[in-house]
Amino acid sequence: MKIIGIGNALLDVLLRLKSDLTLQEMGVKKGAMDLIDESTMREIQKAQAGLQRTEVPGGSVCNTMRAMARLGAEAGYIGKIGDDPYGNSYETSVREAGVDPFFIRTRGMSGCSTILVSPDGERTMATFLGPAAALSSEEIPDDVLRRYDCLYLEGYLISNGPLFLPVLKRAKNLGLKIALDLSNFTIVNGFRNLLKDVIPAYVDILFSNESEAEAYTGLPAREAVDVLAKEVGISVVTVGKDGALAGSNGRVIHEKALESNVVDTTGAGDHFAAGFLYGYLLGATPEQSARIGSLLAGNVIEVFGAQIAEERWEQIKLKVEEVLRK
């Protein structure tokens, strides 16, 4: 099976904080994701110019597709970017990771997510969406969707009316399986009624963390995963240091987190989804898929940024093969 993702194409600018006092001075809640305008984005980056800085192509779905391609999956990615150097760099990096890029270009600056990493590894995001937020379903040809068996979307897209529901309907009509990540508890709280309609009607695989699952169901994670699994084919709820829960066909399994030296939690959920979806595409069991997800998440949190170091991938792929043989 082949998978294609649609997401907000954003350049990730990671800044390592010396203390959480910086967040207080900025008036930003630790662990939150705030949308900002271009001028605010530049002010934040300028104010933190002396901090360790890393620039990589990001966006939740892009991170997942790139990780899946590294494992050997046939993956594509759809997004909207500007005609600036950041946009050029973004497309090149996606292609070099082995992902087939399908980008809609527009004039102006590409989207950017400034990720403020606390000393304990927790991340706080200030995001300028730029043209990424203006992607519409009409800009995505049916011929592109038909090349794939599964479509993966991030919950952040739900605020984009011309894209979210129209592309779900089209993908379903074309026979694609649909996977959705709820992305953020504020998204769930703000669009709960729409999600209550969309998830049972269109979604086959649902990813969430415990706060998102609770926001949607009103239940703690261990109860929520079972409720969600009754609405979709497979429900996955990540529970931080306790690992992840996966529900399917009336069963719930618990996969423990990999023991890791936490440096930065950026991209942990994205990589767990990559591992789980990779297993799913190969026909693996929920237990095997969750174990692969845990393996990828455990590796990415040991590095600064949402990319696993190049030298780790061969070892990871060997471990994935071991999981699939069991």
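Positions are given from 1 along the sequence.
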Next item on the list: Look at the side-chain heavy atoms of Ile, Leu, Val, Met, Phe, Trp and Tyr, link any pair under 4.5 Å apart, and say whether Tyr152 and Ile158 land in one connected group.
Entry: no
Checklist line | Pair His271-Asn299, side chain to side chain contact (heavy atoms under 4.5 Å, CB included): steps then yes or no | finding: CA-CA 9 Å; His271 281 71; Asn299 272 270; over 6 Å; no
Notebook entry, point to check: Is the shortest heavy-atom distance from the side chain of Val263 to the side chain of Val303 under 4.5 Å?
Noted result: no
Note to self: Within this structure, what is the CD1-CG distance for the pair Ile4 and Leu153, rounded to the nearest 0.5 Å?
What the structure shows: 10.0 Å
Checklist line | Beyond-backbone contact of His254 with Arg222, side-chain heavy atoms, under 4.5 angstrom | finding: yes
Notebook entry, point to check: Can you list the residues that meet the ring-ring contact (aromatic ring centres under 6.0 Å, His included) rule with Tyr280, with sequence neighbours excluded?
Noted result: none
Check: In the single-linkage hydrophobic clustering (I, L, V, M, F, W, Y; side-chain heavy atoms under 4.5 Å), do Ile178 and Leu281 co-cluster?
Finding: no
Check: Of the non-hydrogen atoms in Ile81 and Gly87, which two are nearest, and what is the gap between them?
Finding: CD1-O, 3.5 Å
Notebook entry, point to check: If you take all heavy atoms of Pro286 and Ser248, which pair is closest and at what distance?
Noted result: CG-CB, 4.4 Å
Checklist line | Nearest non-hydrogen partners of Glu139 and Pro141, listed with the distance | finding: O-CD, 3.5 Å
Margin query: Give me the atom names and distance for the closest heavy-atom approach of Lys2 to Arg147.
Written below: CE-O, 2.7 Å
Notebook entry, point to check: Quick one: do Val56 and Trp313 end up in the same hydrophobic cluster if we chain Ile, Leu, Val, Met, Phe, Trp and Tyr together by side-chain heavy atoms under 4.5 Å apart?
Noted result: no
Checklist line | Any Leu277 side-chain heavy atom under 4.5 Å of Met68 side chain | finding: yes
Margin query: Considering only residues two or more places apart or on different chains, which pairs with a residue in residues 102-115 satisfy salt bridge (charged side-chain N to carboxylate O under 4.0 Å, His left out)?
Written below: Glu91-Arg105
Item checked: Heavy-atom pair with the smallest gap, counting every atom of Ile78 and Val144 -> CD1-CG1, 4.1 Å
When the side chains of residues 162-171 are checked against the rest of the protein, which donor-acceptor pairs come out under 3.5 Å, sequence neighbours left out?
| unit_1 | atom_1 | unit_2 | atom_2 | d |
| --- | --- | --- | --- | --- |
| Arg170 | NE | Asp142 | OD1 | 3.2 |
| Arg170 | NH1 | Ser137 | O | 2.7 |
| Arg170 | NH1 | Ser137 | OG | 2.9 |
| Arg170 | NH1 | Ile140 | O | 3.1 |
| Arg170 | NH2 | Ile140 | O | 2.6 |
| Arg170 | NH2 | Asp142 | OD1 | 2.6 |

Item checked: Chi angles and distances behind the side chain to side chain contact (heavy atoms under 4.5 Å, CB included) call for Leu296, Leu71 -> CA-CA 10 Å; Leu296 264 64; Leu71 288 176; 3.9 Å; yes
Note to self: If hydrophobic clusters are built from ILVMFWY residues whose side chains come within less than 4.5 Å, do Leu219 and Ile234 share one?
What the structure shows: no
Next item on the list: Flag yes if Leu10 and Leu157 sit in one hydrophobic cluster, no otherwise; membership is Ile, Leu, Val, Met, Phe, Trp, Tyr, and two members link when side-chain heavy atoms are under 4.5 Å apart.
Entry: yes
Notebook entry, point to check: Thr217 and Glu223: side chain to side chain contact (heavy atoms under 4.5 Å, CB included), yes or no, with the steps?
Noted result: CA-CA 9 Å; Thr217 64; Glu223 296 176 43; over 6 Å; no
Next item on the list: List the atom of Gly58, the atom of Asp12, and the distance in Å for their closest heavy-atom pair.
Entry: CA-OD2, 3.4 Å
Check: How long is the gap from CG on Leu295 to CD on Glu255, to the nearest 0.5 Å?
Finding: 9.5 Å
Notebook entry, point to check: Is there a donor-acceptor pair under 3.5 Å between the side chain of Ser89 and the backbone N or O of Pro85?
Noted result: no
Next item on the list: Report the C-alpha distance between Leu11 and Ser110 in whole Å, list the side-chain angles of each, state the deciding distance to 0.1 Å, and finish with yes or no for side chain to side chain contact (heavy atoms under 4.5 Å, CB included).
Entry: CA-CA 8 Å; Leu11 184 75; Ser110 298; over 6 Å; no
Next item on the list: Working to the nearest 0.5 Å, report the span between CZ of Arg70 and NZ of Lys317.
Entry: 8.5 Å
Margin query: Tell me whether Gln288 contacts the main-chain N or O of Lys326 through its side chain, where contact means a donor paired with an acceptor under 3.5 Å.
Written below: yes
Next item on the list: Measure from the side-chain N and O atoms of Ser113 to the backbone N and O of Thr127, and report whether any donor-acceptor pair falls under 3.5 Å.
Entry: no
Next item on the list: Quick one: pull up CG in Leu228 and OG in Ser235 and give me the separation to the nearest 0.5 Å.
Entry: 4.0 Å
Note to self: Check this for me, if you would: do Glu322 and Arg291 make a salt bridge, where the nitrogen-to-carboxylate-oxygen distance has to be below 4.0 angstrom?
What the structure shows: no
Margin query: I need the Asn184 CG to Asn209 CG distance, nearest 0.5 Å.
Written below: 8.0 Å
Checklist line | Pairs satisfying salt bridge (charged side-chain N to carboxylate O under 4.0 Å, His left out), at least one member in residues 197-210, at least two apart | finding: Lys172-Asp204
Checklist line | Gap separating the OG1 atom of Thr124 from the CG atom of Leu15, nearest 0.5 angstrom | finding: 11.5 Å
Notebook entry, point to check: Among Leu195, Asp181, Ile199, Val236, whose side-chain contact (heavy atoms from CB on, under 4.5 Å) with Leu206 holds?
Noted result: Ile199
Notebook entry, point to check: Going by an N to O cut-off under 4.0 Å, is there a salt bridge joining Glu122 and Lys30?
Noted result: no
Check: Is any side-chain heavy atom of Leu135 less than 4.5 Å from a side-chain heavy atom of Ile6?
Finding: yes
Notebook entry, point to check: Is there a side-chain contact between Met65 and Ile3, using heavy atoms and a 4.5 Å cut-off?
Noted result: yes
Note to self: Glu138: which residues meet the side chain to side chain donor-acceptor pair (under 3.5 Å) condition with it, sequence neighbours left out?
What the structure shows: none
Margin query: Out of the candidates Tyr216, Phe272, Phe276, only one should pair with Phe207 under the ring pair (Phe, Tyr, Trp, His ring centres under 6.0 Å) rule; please name it.
Written below: Phe276
Next item on the list: Kindly say whether Gly108 contributes a backbone atom to a donor-acceptor pair with the side chain of Asp83 at under 3.5 angstrom?
Entry: yes
Check: Taking only residues two or more places apart in sequence, or in another chain, which ones meet Phe103 in a ring-ring contact (aromatic ring centres under 6.0 Å, His included)?
Finding: Tyr77, Tyr90
Margin query: I'd like to know whether NZ of Lys18 has more than 12 heavy-atom contacts from other residues, nucleotides or ligands below 6.0 angstrom.
Written below: no
Item checked: Donor-acceptor pair, side chain of Arg95 and main chain of Pro101, under 3.5 angstrom -> no
Notebook entry, point to check: Within a strict 4.5 Å, meaning less than it, do heavy atoms of the Val13 and Cys112 side chains meet?
Noted result: yes
Margin query: Any non-hydrogen side-chain atom of Tyr278 less than 4.5 Å from a side-chain atom of Val320?
Written below: yes
